[in-house]
Amino acid sequence: MHVPLKPAAGACTALALAAALTACGGDGSGDNRTLTYWASNQGASVAEDEEVLRPALDRFTEETGIEVELEVIPWSELYNRILTAVSSGDAPDVLNIGNTWAASLQETGAFVPFEGADLDAVGGQDRFVETSYATGGAPGEPPTSVPLYGLSYALFYNPAMFEEAGIEEPPATWEEFVATAEELTRDTDGDGETDQYGFALEGGSERQNSHMAFVLGRQHGGRLWDDGPTFASPEQVDAVKMWVDLMAEHGVVDPGNAEFSDGTQAVGDFVDGRAAMVIVQGSTRTSMAERGFSDYEIAEVPVLDPLPGEPVQSIAAGINISVFTDTGDREGALALVEHLTSPEEQVYLSQEFQTLPVARAAYDDEALGADEHMETFRTILAEHAEPMPQIPEEGQMETVLGEAVAGLFAEAATGGDVSEDAVRAALEDAETQMNAAD
Amino acid sequence: MSTGPDRPARPARPAGAAPPPGPGAAPPPPARPPAARRGAERRRRSLLPYGMVAPAALLELLIHIIPMALGIYIAFTSLTQLTIRRWTTAPFVGWENFAEGLDPGGALGAALYQSLWRTVVYTVCVVGLSWALGMAAAVALNSRFRGRGLLRTLFLVPYALPVYVTAIVWTFMVNQRDGVVNRLLVADLGLLEERPFWLIGENAFWVLVVVSVWRLWPFAFLMLLAALQSVPDEVYEAAAIDGASNWKRFTAVTLPVVRPANGVVLLVMGLWTFNEFDLPYLLFGETSPESARLVSPLVYEHSFVNWNFGLGAAMSALLLVALVAASALYIRAVLPRRRA
């Protein structure tokens, strides 16, 4: 049956190609202006995101008369979709990117640099929260993306468990954090097995591992990148060891966490009452709400005391928005970016997606005061966050470094060696891989 | 493939009968038309097969040959995120990607050869076990008994399931903390004291093998059962009358009969397994644990995580050459030649 099917399949492919080619890009400045917008998936599902974004886009259409064709793309696909769009030129007009990709994507030359009139068209640099604006591209070059949603890590804790253990305050220093976590690691039903852990993490997640290596590394006074990878510097080794020791030495993390890698499982443990604390990004609140869980409090991420480095608590996380240079309607595309980053829309979007507004003026809005946690997140993002190194190799760095840390968690969980030497060896190995692939 | 398996069980051609038409050859004309018309007719008919093959050949060119050639070209360029936008003009770097990626002394080359060796071991394990299971089931289900149809259907279920479903269900089952496998081993049977990890560390390789076999063996079963059914019952009866034991009947009748089918089944399963990407990706995510890192996911990592398409393509080109060479040797050695 194969042969007769092939021409049919080919004809379909050809038709689909033709359709795609004719449908791509904006319509220029004709009567019927239409923009294509690729949005990242922020809420609990693609469908939910479409529901949230549609009213915001309708308001844009009302103001400008420009229609917006929306496609919400899951995170697992977004990177490859952008890549394909860059190479084929068959791209949307406006799109969202993870802000850690900004420098990589900047290098492709496929995005409009925000400078001069183009920057003014989206509200100017002063519109944006400084730490978030700094994630727009490599330092010293005009950014090719501006922030859209601000995010930061924070310490989430279960107040009921704290109360039960007689702990009144969330830990502020790393030492207190470890002591608190040890206190909260318990066998609650007396069957001889620990069923409540002090802390949960995604041991197999390259993202969380590399982000925490960065944050804790900065606290130790280290850096991940200095003209090349510096993963195995003494400061970074200390930082990574400190992170892995939560499982290996202090035993406050369930060894099963070494398998967690999809970004939802540690939160699952927290929601299920199997762990008392997690360090996750603010947007996690949407999935907690989805699961009907609201019994949590939020505090700043613990910091070393004495502090040899910087009081960094989080990466300047978030989602940025870019315009493709191939857009047929640059003016319209910039207007859409302006609209979505305007204080009014920022208030709406940040409430819906549990993110932080990236427009300074949005913080004056009273509606945001209703969110009791907003101030904590805002403080962390505005005062204690730094962008991940803005280098074209960032994506690769997160993978290689995160994988090395995940390997250490696997060792810790299976009773292997996670001594300082083992940590250094793993990080040196990761450095070699980075250098080789360069 | 030009050398398809010949059925040994094909009935002998009666003496004096015309040979069957080969593929594409015109059947003999029923009557003798005038010479001029005959010539035109012959020309038309000799073009017909080409016309019929043309669409498939064109699509083959578009869908397989051109992308493959492009992939080989990319292996000689420095195609990264810097150059992807105008990828046709990416700088030509000669053998640099090959030197970098395939040098056993370098970090990348060492990782490649390690995962290449691992992939060979994985392929041998998966194909061997799948074949053995498939063969056993095919022999068992070749005789008639009640419930045979039901069992046949049941055996095909793993093959019919989408790989995504298979992988998700298995990750639930082998989860360290709540998985049913550890529950069985530790809580129910008490075989182990501690719950072992299956998706990280050394065990990950064996989980990959088990899941791959689970998914693949029904294919071997299906193909071998089809081959077995071409053996007339009388042959087995005759062997039984001659006093052949069950084992003897298996080695002297069954195996020779399914030999041509075996050749194809092993080749196809070997190629599929060697190139396996979906399962490790779904079981372990973007990067597999060291113990289970196969070659295809490694190439993916270089191309789509590290954005070094030239390097990924160079590694793929090496695999292509290795697989084509291995397949060609295998076909010459194992598959039956077409009789002249």
Side-chain angles (χ1 to χ4, degrees), chain A residues 2-4 6-7 9-11 13-14 76 79-80 83-84 86-89 101 104-110 203-206 254-259 261-262 269 274 325-326 392-393 395-400 402-403 406-407 409-411 413-416 429 432-438, chain B residues 52-60 62-63 79-88 90 100-101 103 106-111 171 174-179 182 194-204 284-291 293 300-309 311:
Chain A
H2 276 115
V3 176
K6 271 194 175 173
T13 316
S76 54
Y79 201 70
N80 283 345
L83 212 69
T84 316
V86 168
S87 61
S88 68
W101 310 340
S104 293
L105 292 172
Q106 185 173 36
E107 289 230 342
T108 64
S205 154
E206 282 128 26
D254 181 356
N257 285 192
E259 270 182 2
S261 64
D262 71 1
D269 271 13
R274 285 170 126 162
T325 40
D326 289 337
E393 299 88 345
Q396 185 186 358
M397 183 185 76
E398 281 199 20
T399 310
V400 171
E403 207 180 290
F409 273 120
E411 286 290 322
T414 52
D429 198 38
T432 315
Q433 278 186 55
M434 277 306 287
N435 287 326
D438 208 8
Chain B
M52 293 185 82
V53 168
L58 185 72
L59 286 163
E60 180 70 13
L62 276 177
I63 294 166
L79 186 62
T80 62
Q81 75 258 39
L82 274 174
T83 47
I84 181 106
R85 190 156 175 239
R86 313 235 177 282
W87 61 272
T88 45
E100 210 175 79
D103 168 22
L108 296 178
T171 50
V174 298
N175 177 307
Q176 186 256 355
R177 198 167 57 188
D178 320 298
N182 277 356
E194 293 265 316
R195 289 188 300 260
F197 283 91
W198 298 106
L199 293 171
I200 55 175
E202 296 304 313
N203 291 341
F284 309 120
E286 240 174 29
T287 44
S288 310
E290 178 80 34
S291 72
R293 198 164 302 156
Y300 172 86
E301 196 180 319
H302 283 301
S303 303
F304 292 98
V305 179
N306 301 344
W307 290 50
N308 199 334
F309 298 98
L311 191 64

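Remember, predicted model here, so these are calculated numbers, not experimental data. In the text below, chain A, chain B and the rest are named by the order of the sequence lines, each starting its count at 1. Hydrogens, waters and symmetry mates play no part in the numbers below; they use all other heavy atoms, side chains included.
- Considering all non-hydrogen atoms of both residues, A/E259 and B/F197 come closest at OE2-CD2, 3.6 Å.
- Per-residue heavy-atom pair counts under 4.5 Å with chain B were compared for A/D269, A/L105, A/D429, and the maximum is reached by A/D269.
- The shortest side-chain heavy-atom distance between A/N257 and B/R177 falls under the 4.5 Å cut-off.
- For the set A/A406, A/G402, A/G416, A/P255, the entry with the most heavy-atom pairs within less than 4.5 Å of chain B is A/P255.
- If you measure heavy-atom distances from B/R86 to chain A, you find no contacts under 4.5 Å at all.
- In this structure, chain A has a heavy atom under 4.5 Å from the side chain of B/E301, while its backbone stays farther away.
- Side-chain atoms of B/R85 and A/D326, non-hydrogen and from C-beta on, do get closer than 4.5 Å to each other.
- The contact between B/D178 and chain A is made entirely by side chain atoms (from C-beta outward), counting heavy-atom distances below 4.5 Å.
- Proximity to chain B (any heavy atom under 4.5 Å) is restricted, for A/Y79, to the side chain, taken from C-beta onward.
- Between chain A and the residues B/L62, B/N203, B/I200, B/T171, the most heavy-atom pairs under 4.5 angstrom are made by B/I200.
- Partners of A/E403 according to the side-chain hydrogen bond (donor to acceptor under 3.5 Å, both in side chains) rule, which considers only residues two or more places apart in sequence or in another chain, are B/R293.
- For chain B, the option among A/N80, A/L83, A/T399, A/T414 with the highest count of heavy-atom pairs below 4.5 Å is A/L83.
- Of the atoms belonging to A/T108, heavy atoms from both backbone and side chain fall under 4.5 Å from chain B.
- For A/D262, no part lies under 4.5 angstrom from a heavy atom of chain B.
- For the side chain to side chain contact (heavy atoms under 4.5 Å, CB included) test, residues two or more places apart in sequence or in another chain that qualify with B/A204 are B/F284, B/P289, B/S291, B/A292.
- Neither the backbone nor the side chain of A/Q106 comes within contact range of chain B, judged by heavy atoms closer than 4.5 Å.
- One distance of note links CD1 of B/I84 with CD of A/E107; it measures 13.0 Å at 0.5 Å rounding.
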